[in-house]
Engineer: 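First the structure, then my questions, so here it is.
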Amino acid sequence: MTRGGQGLARVAVVVRAGAAPLWWLGVVAAGAGAFVPGLTGLRIGALGGAALFLVAAAVVALTRRGRYRALAQAAARAGRNDVLQDRAVTARNWRRAHRWWLLLAFLATLGSAWAAPAAGGLLLAGCGAGLWLKAAWIGRLERADDVLLWVRVDWLTSAGRPVGRTVKAYRTTGIAAGDAAPGGARRKLATAA
């Protein structure tokens, strides 16, 4: 970062980084929990887990939307010397910073299968689904304004929250900048005819 430039990470990529690990760990934990008889029985555990999945997905997807919207509306244009972080680097940094929390969450959901089979795993998967929904919503914000939203890397604390207390503003670039599409997904390469 030369001449006053800042390292910038895509907001949607930071949000989306936890979606796949939470989803897959939740699915594996729910599948493993289905083989444990549990205190409540599989039917009640699975029905309770389905309800927890829906609630978790809705809560995670809808939480702090006002803050995201306010930061997006007040965003300034990124400077010429700002450095745009690759999608893979952003996702890897988030997952590396959260690996122990992910492991603890996975072990806790496996342990919860003794009380309610599959319920904890479905709760974890619901959190992952909620993050995907939130990233898709951010993608719609980006498409509506025809910009991509970025956050300074040094403002992302170890918690990796793009709307945390340390985040004071977003930056914007054109829709073609970086290697991630609106919403944080990998850009589709144009195929030659």
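None of these values were measured; they are calculated from a predicted model.
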Engineer: Please confirm whether the backbone N or O of Thr90 pairs with a side-chain atom of Asn93, one donor and one acceptor, at under 3.5 Å?
Structural biologist: no
Engineer: Scan the side chains in residues 121-140 for donor-acceptor partners under 3.5 Å anywhere in the protein, sequence neighbours excluded, and list what turns up.
Structural biologist:
residue	atom	partner	partner atom	Å
Lys134	NZ	Val60	O	3.0
Lys134	NZ	Thr63	O	2.8

Engineer: Tell me the closest heavy-atom pair linking Leu71 and Pro162, and the distance in Å.
Structural biologist: CD1-O, 4.2 Å
Engineer: Rounded to the nearest 0.5 Å, what separation is found between the CG atom of Leu8 and the CG atom of Leu149?
Structural biologist: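 Reported to 0.5 Å precision, the distance equals 11.5 Å.
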Engineer: Linking I/L/V/M/F/W/Y whenever any side-chain heavy atoms sit under 4.5 Å apart, do Leu84 and Ile175 land together?
Structural biologist: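 Yes, Leu84 and Ile175 fall within the same hydrophobic cluster.
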Engineer: Should Ile44 and Leu42 be counted in the same cluster of Ile, Leu, Val, Met, Phe, Trp and Tyr side chains packed under 4.5 Å apart?
Structural biologist: no
Engineer: Leu148 vs Arg10, test: side-chain contact (heavy atoms from CB on, under 4.5 Å). Steps then yes/no.
Structural biologist: CA-CA 8 Å; Leu148 298 179; Arg10 278 289 303 285; 3.8 Å; yes
Engineer: What side-chain donor-acceptor pairs closer than 3.5 Å can you find for residues 15-39, not counting sequence neighbours?
Structural biologist:
none

Engineer: Would you mind reporting whether Val13 and Trp94 have side-chain heavy atoms less than 4.5 Å apart?
Structural biologist: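 Sidechains of Val13 and Trp94: no contact.
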Engineer: Begin with the C-alpha distance, continue with both residues' side-chain angles, and end with the deciding distance and a verdict on side-chain hydrogen bond (donor to acceptor under 3.5 Å, both in side chains) for Trp150 and Thr172.
Structural biologist: CA-CA 6 Å; Trp150 301 80; Thr172 63; over 6 Å; no
Engineer: Does anything in residues 53-77 form a salt bridge (Lys or Arg N to Asp or Glu O under 4.0 Å)? List the pairs, not counting sequence neighbours.
Structural biologist: none
Engineer: Set out, in order, the CA-CA distance, both residues' side-chain angles and the distance that settles side-chain contact (heavy atoms from CB on, under 4.5 Å) for Arg171 and Gln6, then state yes or no.
Structural biologist: CA-CA 10 Å; Arg171 305 264 176 96; Gln6 302 291 334; 4.0 Å; yes
Engineer: Please check if the side chain of Arg87 supplies one atom and the backbone of Gly184 the other of a donor-acceptor pair under 3.5 Å.
Structural biologist: yes
Engineer: Treating Glu142 as the side-chain partner and Gly183 as the backbone partner, does any N or O pair qualify as donor plus acceptor under 3.5 Å?
Structural biologist: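 Flag set: sc Glu142 to bb Gly183 pair under 3.5 Å.
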Engineer: Answer yes or no: is there a donor N or O on one side and an acceptor on the other, between the side chain of Asp179 and the main chain of Asp86, under 3.5 Å?
Structural biologist: no
Engineer: Where do Arg161 and Leu156 land on the side-chain contact (heavy atoms from CB on, under 4.5 Å) test, with the steps shown first?
Structural biologist: CA-CA 6 Å; Arg161 283 188 234 139; Leu156 291 173; 6.0 Å; no
Engineer: Please report the interatomic distance NE2(His98) to CG(Leu104), rounded to the nearest 0.5 Å.
Structural biologist: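 Here the rounded value is 12.5 Å.
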Engineer: Are Leu102 and Val14 linked, directly or through other ILVMFWY residues, by side chains that come within less than 4.5 angstrom of each other?
Structural biologist: yes
